[in-house]
Amino acid sequence: MKLATWNVNSLTVRLPHVLDWLSANQPDVLCLQETKQEDSKFPYAALKEAGYNAVHNGQKTYNGVAILSPHAIEAVHLDLPNYADTQKRIIAATIQGIRVICAYVVNGQAVDSDKYHYKLAWLNGLQSWLQAELSQHEKLVVLGDYNIAPDDRDCHDPQAWLGQVLVSPAERAAFQQLLALGLHDSFRLFNDQAGEFSWWDYRMAAFRRNMGMRIDHILVSNALKPHCESCVIDKTPRKLERPSDHTPVVLTLANASP
DNA sequence: ATGGCAATTCGAAATTGA
């Protein structure tokens, strides 16, 4: 079973890239973030044509999350139940017996800004909701844009970024709190190298110079950990014309579905 | 050189992202 996450930075603009990527990779699950569209604009028909069912939790201009799968998408849930939020950042569903949670974590803008405090409060809400979800779903995976680089290997220049948003101690502690629920950063099950990134700034030729951050993650529950076969970052779409600034992360599970 | 790029929006310049 192949599951992937991709912040597309506008599905309106990126739909051709998404359709090409689905065709080339045939994932069982693709989670999207930053669709930036209302549900009425979501391309259900084009995805169906490509063989994919989809569920979407969207809004105009900002945020928006979706789950795509060729399989049945069941028990769909929108938003954090324990955190009042007008921003569309969460969609969850059960696919092939696996609980799939797609999350677009708050960016935070700058340490100590209002948005930063919103980020930390939101992450706290995510943590307690995930605890409840884990108690009901043994096989659970959380895919998304976490807007947190877990440690210095995940940042191209830790000195320059020291204490800033995406790497600040409080954000990293919040990420560790998620892992403390019994979740595992699947990429790190297979790769301990520094300099492996999922996002690069559009400016400064950052992609060419590999000045990036690893902020898109796939966390797996204890029950799924032994089924993990590989987790890789696919840089191919980042090399296309007019790319998203993020690129897909792909997890392969062996014999995880009943 | 503290900028740079890209996407969005009642449609120019402002806001946001990371």
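Each chain gets a letter, A, B and so on, in the order its sequence line appears, and its residues count up from 1. Being a predicted model, the structure only gives us computed values, none of them experimental.
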Can you find a side-chain donor-acceptor pair between Thr5(A) and Asp216(A) that sits under 3.5 Å? no
Going through the distances and angles, do Trp161(A) and His156(A) end up as a side chain to side chain donor-acceptor pair (under 3.5 Å)? CA-CA 9 Å; Trp161(A) 279 81; His156(A) 69 93; 3.2 Å; yes
Does any donor atom in the side chain of Trp200(A) or Asp245(A) lie under 3.5 Å from an acceptor atom in the other side chain? no
Separation of the C1' atoms in dG17(B) and dA1(B), to the nearest angstrom: 23 Å
Provide, to the nearest angstrom, the distance between the CD atom belonging to Glu241(A) and the C1' atom belonging to dC5(B). 14 Å
Can you tell me how far P in dA7(B) sits from the matching atom in dT2(B), rounded to whole Å? 26 Å
Please report the distance separating the P of dA6(B) from the corresponding atom of dC10(B), rounded so that it comes out in whole Å. 23 Å
Would you say the ring centroid of Trp129(A) lies under 6.0 angstrom from that of His77(A)? yes
Members other than Leu68(A) in its cluster, when Ile, Leu, Val, Met, Phe, Trp, Tyr link by side-chain heavy atoms under 4.5 Å? Trp6(A), Val8(A), Leu11(A), Leu15(A), Val18(A), Leu19(A), Trp21(A), Leu22(A), Leu30(A), Leu32(A), Phe42(A), Tyr44(A), Leu47(A), Tyr52(A), Val232(A), Val250(A)
Expressed as a whole number of Å, how far does the P atom of dA18(B) sit from that of dA14(B)? 22 Å
Check whether any side-chain heavy atom of Leu140(A) sits under 4.5 Å from a side-chain heavy atom of Leu224(A), and report yes or no. no
Nucleotide-resolved protein contact map, nucleotides 7-18 of chain B, B/S/- at heavy-atom distance under 4.0 Å: SSS------SSB
